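All of these numbers come straight from a predicted model, not from anything done at the bench.
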Amino acid sequence: MKSIGRWLLWVVLAGLALQLFFVLRVALMVVVDPQSTAFMRSEAWRVAGQSLRSDKDWRWSAQWVDYDQISPHLKRAVMASEDAGFAEHDGVDWSAIEAAWVKNERRQELVEKRTAQLERKLAKKPEAAEAAIKAIKPPKVIGGSTITQQLAKNLLLSGERNLLRKGQELMLALTLDALLSKQRILEIYLNSVEWGEGVFGAEAAAQRYFQKPAAKLSAYEAARLAVMLPSPKFFETRQGSAYLARRTGTIVARMGAVQAP
C-alpha cells in the first residue's frame, strides 16, 4: 500500500509540475512571441517525412507579423466565423460546449437507432447486416471550441482526442485568458493557425492565396480565409468551391456585428 501511495504522490507532483510549466510558458508569451507551436512542429516532421519518402518539394511558410500588421477585416472575419463571443467570454464558451454536447448526443442516438433498425431488418442475413452497420459513418463530433481553446490546443498539446486532453485544453484556455489580453491572444492565434499544407499564420496565408501582405486583405479576402480554418488542407485544393463562395458571403455579412479587440 505504501508503494501505491508513493506512486500516486509522484503522479500528483508530476501533474502539478506540468501545470506550472504551462503557466510559465503562457506568462512568457506576454512579452515573447512564440516562434512555433506544438502543432506546427508535429506538422513540420510530417511534411518533412513525406517529402523524403516521395521526393516532393518541401514547402513551409510561416512569418510572424505584429497585431497592427494584420488587416482588421481578418480579425473580425475570424471572430465572426470561429468565435463571435471571443471578446466577452473567459476563454471558454460554456453555453457553446453545452449545446455541442446535446448535438453530439443526438447524433449518437441517431446512429444507434439506425444500427438497431438494420439489425432487425437483416436479422436473417448476419453478414449483410455486419457490412451495412460498418458502412454507417460515425457521427461528426462537434467541439464548441473558442479561439482561445484552439490556441491552447495548437500551442502546447498533442493532437490526441480524449477527455483528459480536453480537460487540459479547458484549463489552458482559462490560463491564457487570465494572463494575456484578448488582443495578444488573437495576435498569437492569427500568427500560428494553419491555412494549408505547410502554411501557417495570416502573413503566409495572405501571400499564398492573394499574393499580398496580411495588412492589405480586403473584407472578402479575409472572410474567405476565415471560412477555410476548420478544414484548411481540404479548402486549399478547392478554391473554386461553391460552398466556399457562399460561406464567404455569409461571413462578410456577419463581420459588421463583430468588434475586434
Side-chain angles (χ1 to χ4, degrees), residues 28-41 43-44 47-48 51 56-84 86-87 146-148 150-151 153-155 176 180-241 243-261:
L28 190 62
M29 292 175 199
V30 173
V31 293
V32 178
D33 300 332
Q35 297 305 305
S36 66
T37 67
F39 180 71
M40 289 171 69
R41 291 188 291 273
E43 280 294 289
V47 172
S51 298
K56 289 174 61 177
D57 291 336
W58 164 271
R59 192 181 74 181
W60 189 265
S61 181
Q63 179 184 343
W64 181 279
V65 290
D66 292 335
Y67 190 78
D68 58 3
Q69 292 179 288
I70 300 173
S71 168
H73 295 307
L74 185 59
K75 297 163 190 172
R76 290 189 291 110
V78 168
M79 289 174 62
S81 179
E82 297 287 292
D83 184 6
F86 172 71
T146 64
I147 284 174
T148 314
Q150 293 176 47
L151 178 60
K153 177 180 65 177
N154 291 340
L155 270 175
L176 283 164
L180 305 181
S181 68
K182 291 290 186 180
Q183 179 174 311
R184 182 60 168 163
I185 291 170
L186 190 57
E187 179 183 35
I188 297 173
Y189 176 81
L190 290 174
N191 272 291
S192 59
V193 72
E194 181 185 39
W195 255 301
E197 182 84 359
V199 181
F200 287 89
E203 185 67 18
Q207 296 289 351
R208 165 73 173 80
Y209 298 106
F210 302 110
Q211 297 76 52
K212 61 171 60 175
K216 301 292 186 180
L217 290 169
S218 69
Y220 183 85
E221 292 164 344
R224 197 171 181 85
L225 288 180
V227 173
M228 291 179 64
L229 284 179
S231 305
K233 293 188 182 75
F234 178 84
F235 287 118
E236 180 182 23
T237 58
R238 293 168 176 82
Q239 288 295 294
S241 161
Y243 168 83
L244 191 61
R246 288 196 305 272
R247 180 67 177 164
T248 297
T250 300
I251 296 305
V252 170
R254 291 179 181 177
M255 285 165 59
V258 177
Q259 185 65 44

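Ring planes of Phe235 and Tyr243: parallel class, angle under 30° (limits at 30 and 60°).
Residues Trp195 and Tyr209 keep their aromatic ring centres 6.0 Å or farther apart.
Counting all heavy atoms, side chain and backbone alike, Pro213 lies closest to Ala206 at C-CB, 3.8 Å. Summarising the geometry of Val252 relative to Ala219, their closest heavy-atom pair is CG2-O, 4.0 Å, with the distance given to 0.1 Å. Smallest separation of non-hydrogen atoms from Ser36 and Arg41: OG-NH1, 2.8 Å. The shortest non-hydrogen separation linking Met40 to Ala62 is CE-CB, 4.0 Å.
Salt bridge annotation for Glu236-Arg208: present, with a cationic side-chain nitrogen under 4.0 angstrom from a carboxylate oxygen.
Inter-residue side-chain proximity for Glu194 and Val199 is flagged as unmet; no heavy-atom pair is nearer than 4.5 Å. Residues Phe86 and Pro261 have side chains in contact (heavy-atom distance under 4.5 Å, counting atoms from C-beta outward). Residues His73 and Leu217 are not in side-chain contact: their nearest non-hydrogen atoms beyond the backbone lie 4.5 Å or more apart. Within the 4.5 Å cutoff, the side chain of Leu186 has no heavy atoms near those of the Leu151 side chain. Looking at Leu225 and Phe210, their side chains come closer than 4.5 Å, going by heavy atoms from C-beta outward. Residues Asp33 and Arg184 are in side-chain contact: their nearest non-hydrogen atoms beyond the backbone lie under 4.5 Å apart. At a threshold of 4.5 Å between non-hydrogen side-chain atoms, the residues Trp60 and Glu43 count as touching.
No donor-acceptor pair closer than 3.5 Å links the side chain of Asn191 to the backbone N or O of Ala202. A donor-acceptor distance shorter than 3.5 angstrom exists from the side chain of Asp83 to the backbone of Ile147, with no hydrogens or angles considered. The backbone N or O of Met255 sits less than 3.5 Å from a side-chain atom of Arg76, completing a donor-acceptor pair. A donor-acceptor pair under 3.5 Å is formed between the side chain of Glu187 and the backbone N or O of Tyr67. Between the Thr37 side chain and the Leu155 main chain, no donor and acceptor come within less than 3.5 Å of each other. Under the 3.5 Å distance criterion, the side-chain polar atoms of Glu82 are left unmatched by any main-chain donor or acceptor of Met79. Looking only at distances, no side-chain donor or acceptor of Ser81 sits under 3.5 Å from a matching main-chain atom of Ala77.
Between the CD1 atom of Ile185 and the CE atom of Met29 there is a distance of 11.0 Å, given to the nearest 0.5 Å. Between the CD1 atom in Ile70 and the CG atom in Leu190 there is a gap of 5.0 Å [rounded to 0.5 Å].
Cation-pi geometry between Arg238 and Phe234 is satisfied (NZ or CZ under 6.0 Å from the ring centre, within 45° of the ring normal). In this structure, Lys75 forms no cation-pi arrangement with Tyr189, as its terminal cationic atom is not both closer than 6.0 Å to the ring centre and no more than 45° off the ring axis. A cation-pi arrangement is absent between Lys153 and Phe39 under the rule of less than 6.0 angstrom and at most 45 degrees off the ring axis.
Within 6.0 Å of the CD atom in Gln259, the count of heavy atoms belonging to other residues, nucleotides or ligands does not exceed 12.
Remark: the Glu203 side chain and the Gln207 side chain contain an N/O donor-acceptor pair separated by less than 3.5 Å.
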field: Residue pair Lys216, Glu221: steps toward the salt bridge (Lys or Arg N to Asp or Glu O under 4.0 Å) verdict
entry: CA-CA 10 Å; Lys216 301 292 186 180; Glu221 292 164 344; over 6 Å; no

